[in-house]
Amino acid sequence: MSAPPRLRLFCLPHSGASASVYARWRRALPDWLQVCPLELPGRGLRMDEPLQRDIKALAAQLAEEISRDLDGPYALFGHSLGGLLAFELAHALSARDVPAPLALFASGTAGPARRDVSEYAVEKNDAELIARLRQLQGTAEEALANPELMQLMLPILRADFLLCGSFTYGERKPLGLPIHVFGGKQDSVRADQLLDWQLDTASGFSLDMFDGHHFFLVQHESAVLRCVRRYTEEHLARWRTDAARQRLAV
């Protein structure tokens with residue numbers, strides 16, 4: 001008897017980060033939920049590749065890469081910029097002849113339909129980038145004061161901000177998959193901006209709020225992962241039921 005299918009969770013990092021930010025999730029989640037962090041060009045294991053500044057082009061590139069091996073159920077997760085990129089990736093995948101994700105998780109990021117990205121469309125200098133990092137409260141002061149570390153991090157952050165600034169909504173058909181949104185109660189991303197994600201799904205919506213600022217998913221990792229596990233477990237159960245019905249119908 002074959003083993004039950006696992007659900008792969010493709011995870012997209014926030015601005016300035018690499019795939020390693022999701023390393024702890026692999027140990028914290030059960031084996032049936034396979035965490036698959038996506039490394040973006042210009043960082044981590046893809047350090048030799050040029051940084052990308054066009055979000056649609058990057059989404060198309062990622063869709064091409066993961067489409068080569070979509071042989072089972074999967075979902076998309078992204079925090080901050082990663083949530084917006086996950087949205088673009090979902091649309092890029094829908095344009096291909098591949099199975100759709102079972103769900104999209106958008107964390108700490110405003111809904112795309114009415115979001116204003118003009119703040120990120122103009123290249124920022126080092127002082128502006130450091131001030132923004134300090135405002136987001138996700139980087140230790142010791143790191144911000146480390147010139148060598150900042151020399152490595154700021155070019156990536158600068159490109160990622162421009163990546164966000166390249167986003168245009170245009171005419172969008174709602175995605176045919178559920179969208180689960182996570183937010184921080186003390187984050188600058190307001191609840192009404194999180195609720196805007198409802199405009200982009202024709203298949204279900206949820207909003208869960210957690211204590212904390214922009215990086216609530218680090219401060220309250222266990223609570224966030226309990227939500228991720230609950231929702232993915234429900235989607236995987238439905239996928240298995242549908243797959244069984246299709247086999248019986250043949």
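What you see is a predicted model; the values in this text were computed from it and never measured.
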Next on the checklist: If you take the centroid of each ring, where Trp contributes its six-membered ring, are H220 and F210 closer together than 6.0 Å?
Outcome noted: no
Item to check | Pairs flagged by side chain to side chain donor-acceptor pair (under 3.5 Å) wherever residues 51-63 is involved - sequence neighbours left out | outcome: K56-E88, K56-T168, Q61-E65
Item to check | Gap separating the CG atom of L157 from the CD atom of E128, nearest 0.5 angstrom | outcome: 11.5 Å
Next on the checklist: Within the structure provided, determine whether F10 and P37 are in side-chain contact (heavy-atom separation under 4.5 Å).
Outcome noted: no
Next on the checklist: Is it the case that atom CG in D31 sees more than 12 heavy atoms from other parts of the structure closer than 6.0 Å?
Outcome noted: no
Next on the checklist: I'd like to know if the side chain of H213 reaches the main chain of Q186, judged simply by a donor and an acceptor atom lying under 3.5 Å from each other, with no hydrogens or angles considered.
Outcome noted: yes
Item to check | Other residues, nucleotides, ligands: >12 heavy atoms within 6.0 Å of R230 CZ | outcome: yes
Checklist entry - Counting N and O atoms only, with roles assigned by atom type, does the side chain of Q34 sit under 3.5 Å from a partner on the main chain of L7, one being a donor and the other an acceptor? => result no
Next on the checklist: Could you check whether any side-chain heavy atom of R43 comes within less than 4.5 Å of a side-chain heavy atom of M153, counting everything from C-beta outward?
Outcome noted: no
Checklist entry - Would a 4.5 Å heavy-atom cut-off, applied to side chains only, mark H235 and P178 as touching? => result yes
Checklist entry - Is a donor on one side and an acceptor on the other found under 3.5 Å between the side chain of S166 and the backbone of I55? => result yes
Checklist entry - Is there a salt bridge (charged side-chain N to carboxylate O under 4.0 Å, His left out) between D71 and R8 once you walk through the steps? => result CA-CA 10 Å; D71 57 354; R8 283 187 290 176; 3.4 Å; yes
Checklist entry - Within a radius of less than 6.0 Å around CZ of R24, do more than 12 heavy atoms belonging to other residues, nucleotides or ligands occur? => result no
Item to check | Set of side-chain contact (heavy atoms from CB on, under 4.5 Å) partners for A113, sequence neighbours left out | outcome: Y169, L199, D200
Next on the checklist: Donor-acceptor check, side chain of W197 to backbone of T109, threshold 3.5 angstrom: yes or no?
Outcome noted: yes
Checklist entry - Any donor and acceptor pair, going by atom type alone, linking the side chain of S20 with main-chain N or O of A23 inside 3.5 Å? => result no
Checklist entry - Can you list the residues that meet the ring-ring contact (aromatic ring centres under 6.0 Å, His included) rule with H214, with sequence neighbours excluded? => result H79
Checklist entry - Within the side chain of T232, is there an N or O that forms a donor-acceptor pair under 3.5 Å with the backbone of R229? => result yes
Next on the checklist: Would you say that P112 contacts L84 through its side chain, given a criterion of any heavy-atom pair below 4.5 Å between the two side chains?
Outcome noted: yes
Checklist entry - If you group Ile, Leu, Val, Met, Phe, Trp and Tyr by side-chain heavy-atom gaps below 4.5 Å, do F215 and L85 land in one group? => result no
Checklist entry - Taking the side chain from D160 and the backbone from L163, do they hold a donor-acceptor pair closer than 3.5 Å? => result no
Item to check | Check: P99 main-chain N/O paired with Y74 side-chain donor or acceptor under 3.5 Å | outcome: yes
